[in-house]
Amino acid sequence: MATAIPIVPIHELAGHVGQSVTVRGWLYNRRSSKKLHFLEVRDGFGIVQCVVAEAEAGDELFARAGTLTQEDTLGVTGTVRAHPRRAGELELAVTGIEVLARTVAPYPISPKEHGTEFLMDHRHLWLRSRRQHAALRVRHTVVRAIRDFFDERDFTLIDAPIFTPSACEGTSTLFQTDFHGQPAYLSQSGQLYMEAAAAAFGKVYCFGPTFRAEKSKTRRHLAEFWMVEPEVAFADLDGAMDLAEDMLCSIVTRVLGERRSELATLERDIGRLDAVVKPFPRIGYDEAIRRLAEAREARRDPAAAPAPQWGQDLGAEDETVLSEGFDRPVMVHRYPAAVKAFYMKRDPLDPRLALGVDVLAPEGYGEIVGGGQREDDLGRLLESLREHGLPQQAFEWYLDLRRYGTFPHAGFGLGLERTVAWLCGLGHLRETVPFPRMLTRLGP
Ligand code: 4AD
Ligand code: MG
């Protein structure tokens with residue numbers, strides 16, 4: 001009795017050299033000459049070249065292979081052997097093809113160049129292409145690395161709600177919805193809930209989607225993005241910076257260890273990621289302003305935007321200029337309290353400043369982490385709510401955390417998509433998320 005031919009995922013072909021196997025997937029590309037068809041078949045795990053040689057396949061199979069078009073669904077059977085030119089790669093010498101389904105029309109995304117809007121309109125199909133596939137596999141590994149990092153350090157995962165009654169990060173970027181006749185907002189951040197959870201569990205994190213109705217149409221802004229937010233009881237600003245530094249190193253190590261081939265597909269300069277080791281530079285806002293003024297001076301370009309004055313927030317361009325001075329992420333701490341969120345603790349040494357930190361990725365990928373130490377004094381928090389024009393009533397539950405067992409604590413939020421964009425070397429956040437939501441895009 002003949003043994004059944006196994007269906008083998010492409011990444012496991014190495015264990016079957018010399019054997020007959022079936023690969024089940026879709027035709028990615030076909031090149032044909034008089035006597036040979038080269039079928040590139042993808043199965044979600046990889047892409048393998050399948051060679052149909054007229055001399056060995058016979059007339060019928062050879063002719064049928066010549067009719068196959070991109071994204072036909074196939075079961076391809078053949079013998080696994082070394083690729084004749086690409087060292088370490090395998091190919092299939094085809095002995096049979098089962099056509100499981102034919103495409104009904106030419107596949108919209110051909111190897112020729114397409115505009116970005118066209119590709120985004122076909123995001124549901126674009127996901128199949130090599131680069132998109134690679135970026136989303138890196139994203140998957142970053143998520144795993146983050147979860148493992150916190151789980152291994154005794155953090156408890158506490159999920160934050162998505163419907164919220166109040167703002168966390170300023171009222172200008174709230175998505176309002178109707179919650180059974182009552183106004184509600186899609187969560188901008190789980191932080192306030194993590195503060196409550198830190199008093200109950202000590203070390204906690206949430207990891208989920210967050211929403212910002214920013215009217216900005218930049219490559220760094222999504223309307224829906226994922227954020228991981230740890231919060232630690234009895235930690236201070238330095239503790240939050242240490243944690244962010246360790247987490248980022250852990251993510252980079254994991255991606256370099258597990259996603260080399262995806263980074264190669266994305267043509268990422270690995271050397272830039274190898275440089276990401278502790279310690280990260282930590283500079284105060286004052287020094288950041290000084291550096292920006294110097295950089296502006298050195299450019300001697302009268303058309304360039306002026307460097308920010310003390311008291312102003314840093315813009316995306318400022319973040320890029322600052323990051324260019326370092327080969328690893330830079331932590332900028334102690335911003336003027338006036339440009340930061342209401343919950344930040346004032347610096348006891350200089351009450352104009354907030355004990356907050358932004359981590360700026362290298363190579364101009366911008367702010368990937370924002371966080372710091374929280375105001376734990378009831379009176380000062382009440383004052384801050386007033387200064388920010390926020391309604392105290394909506395924050396009564398949050399104020400309870402200062403009324404009952406207040407405690408020093410700190411945490412941060414890491415933007416998943418900005419982190420993936422940096423690691424993959426992608427110019428725009430839209431390719432770091434399976435189905436992006438942006439100012440001008442709700443579909444597919
Ligand atoms: O700096 P943000 O606004 O901080 C917070 O939300 C804090 N409550 C987090 C905390 O302390 N628990 O956002 C944190 C990070 C940013 O550094 C950035 O990486 C990302 O979230 N982010 C965005 N990513 C994509 N699109 C947007 N519109 C983003 N806004 C923020
Ligand atoms: Mg921020």
Side-chain angles (χ1 to χ4, degrees), residues 139 142 146 150 155 158 160 164 166-175 185-198 203-232 235 237 239-241 243-244 247-248 251 285 313-316 318-319 323 329-333 335 339-345 354-361 365-375 398 409-423 426 428-433 436-439 441:
R139 177 186 170 106
V142 172
I146 289 170
F150 289 113
F155 281 71
I158 301 287
T164 61
S166 51
C168 178
E169 293 299 323
T171 49
S172 62
T173 64
L174 285 171
F175 270 112
Y185 311 99
L186 300 186
S187 177
Q188 296 170 307
S189 158
Q191 179 195 320
L192 306 188
Y193 298 97
M194 290 308 101
E195 291 186 52
K203 297 203 282 182
V204 297
Y205 71 103
C206 61
F207 197 172
T210 47
F211 307 85
R212 304 278 170 100
E214 258 144 336
K215 288 277 185 274
S216 45
K217 209 180 149 184
T218 81
R219 60 203 174 91
R220 287 180 187 166
H221 287 95
L222 295 169
E224 178 179 316
F225 64 97
W226 279 60
M227 182 157 44
V228 61
E229 298 183 84
E231 194 70 31
V232 181
L237 173 62
M241 291 200 275
L243 187 66
M247 176 196 63
L248 286 166
I251 294 170
Y285 170 86
D313 203 358
L314 307 183
D318 302 322
E319 291 174 357
S323 74
V330 54
M331 301 182 155
V332 183
H333 56 80
Y335 284 70
V339 302
K340 287 295 182 186
F342 77 94
Y343 51 70
M344 294 225 179
K345 188 174 177 62
L355 293 177
V357 60
D358 281 358
V359 182
L360 312 181
Y365 284 94
E367 180 202 324
I368 48 174
V369 169
Q373 195 170 336
R374 321 308 189 185
E375 184 54 76
Y398 182 67
H409 58 291
F412 60 80
L414 168 94
L416 176 61
E417 290 76 12
R418 290 205 192 158
T419 304
V420 173
W422 161 51
L423 295 173
L426 294 169
H428 199 297
L429 290 195
R430 67 189 156 217
E431 291 180 42
T432 65
V433 58
R437 299 291 174 250
M438 300 179 288
L439 185 58
R441 180 167 294 281

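Counting convention: from 1, in listed order, for ligands and their atoms alike. Note that the structure is predicted; figures quoted are calculated from it, not measured.
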Going through the checks in order, is the side-chain contact (heavy atoms from CB on, under 4.5 Å) test met by Glu195 and Arg374?
CA-CA 9 Å; Glu195 291 186 52; Arg374 321 308 189 185; 3.7 Å; yes
For the residue pair Leu439 and Glu214, establish whether any side-chain heavy-atom pair is separated by less than 4.5 Å.
no
Met247 and Leu414, any side-chain heavy atoms less than 4.5 Å apart:
yes
Where the closest heavy atom to atom 29 (C) of ligand 1 is concerned, which of Tyr193, Phe225, Trp226 has it?
Phe225
Counting only heavy atoms, tell me which of Glu195, Gln188, Arg212 gets closest to atom 13 (O) of ligand 1.
Arg212
Any idea which atoms of ligand 1 are less than 4.0 Å away from a heavy-atom of Tyr343?
7 (C), 8 (N)
Between Arg374 and ligand 1, which part of the residue brings a heavy atom under 4.0 Å of the ligand: side chain, backbone, both or neither?
side chain
Is the shortest distance from a heavy atom of Arg220 to ligand 1 less than 4.0 Å?
yes
If the threshold is 4.0 Å, N to carboxylate O, is there a salt bridge linking Glu367 and Arg220?
no
Please find the N/O/S atom of Glu367 nearest to the Mg ion (ligand 2) and write down its name.
OE2
Whether the Tyr205 and Glu231 side chains hold a donor-acceptor pair (N or O, under 3.5 Å, no angle test) is what I'd like checked.
no
Could you tell me if the side chain of Tyr343 sits less than 4.5 Å from the side chain of Gln191, heavy atoms only?
yes
Can you tell me if an N/O/S atom from Asp358 lies under 2.8 Å from the Mg ion (ligand 2)?
no
According to the interplanar angle, ranging from 0 to 90°, do the rings of Tyr335 and Tyr285 count as parallel (below 30°), tilted (30 to 60°) or perpendicular (above 60°)?
tilted
Here the atoms of ligand 1 under 4.0 Å from any heavy atom belonging to Gly370 are 1 (O), 9 (C), 10 (C), 11 (O), 17 (O)
Using a strict 4.0 Å cut-off to heavy atoms of Gly371, name the atoms of ligand 1 that fall inside it.
11 (O)
Using a 4.0 Å heavy-atom cut-off, which part of His221 comes near ligand 1: side chain, backbone, both, or neither?
both
Output yes when the distance from some N or O of ligand 1 to some N or O of Glu367 is under 3.5 Å, and no in every other case.
yes
Begin from the C-alpha positions of Glu224 and Arg212 and carry the test salt bridge (charged side-chain N to carboxylate O under 4.0 Å, His left out) through to its verdict.
CA-CA 7 Å; Glu224 178 179 316; Arg212 304 278 170 100; over 6 Å; no
Heavy-atom contacts with Glu214 under 4.0 Å: which atoms of ligand 1 show up? List them by number with element.
28 (N)
Geometric N/O contact Leu222 with ligand 1, under 3.5 angstrom:
yes
Answer side chain, backbone, both or neither: which part of Met194 comes under 4.0 Å from ligand 1, heavy atoms only.
neither
Just let me know how Leu429 lines up against ligand 1, side chain, backbone, both or neither, with a heavy-atom cut-off below 4.0 Å.
side chain
State whether the shortest distance between N or O atoms of Glu229 and N or O atoms of ligand 1 falls below 3.5 angstrom.
yes
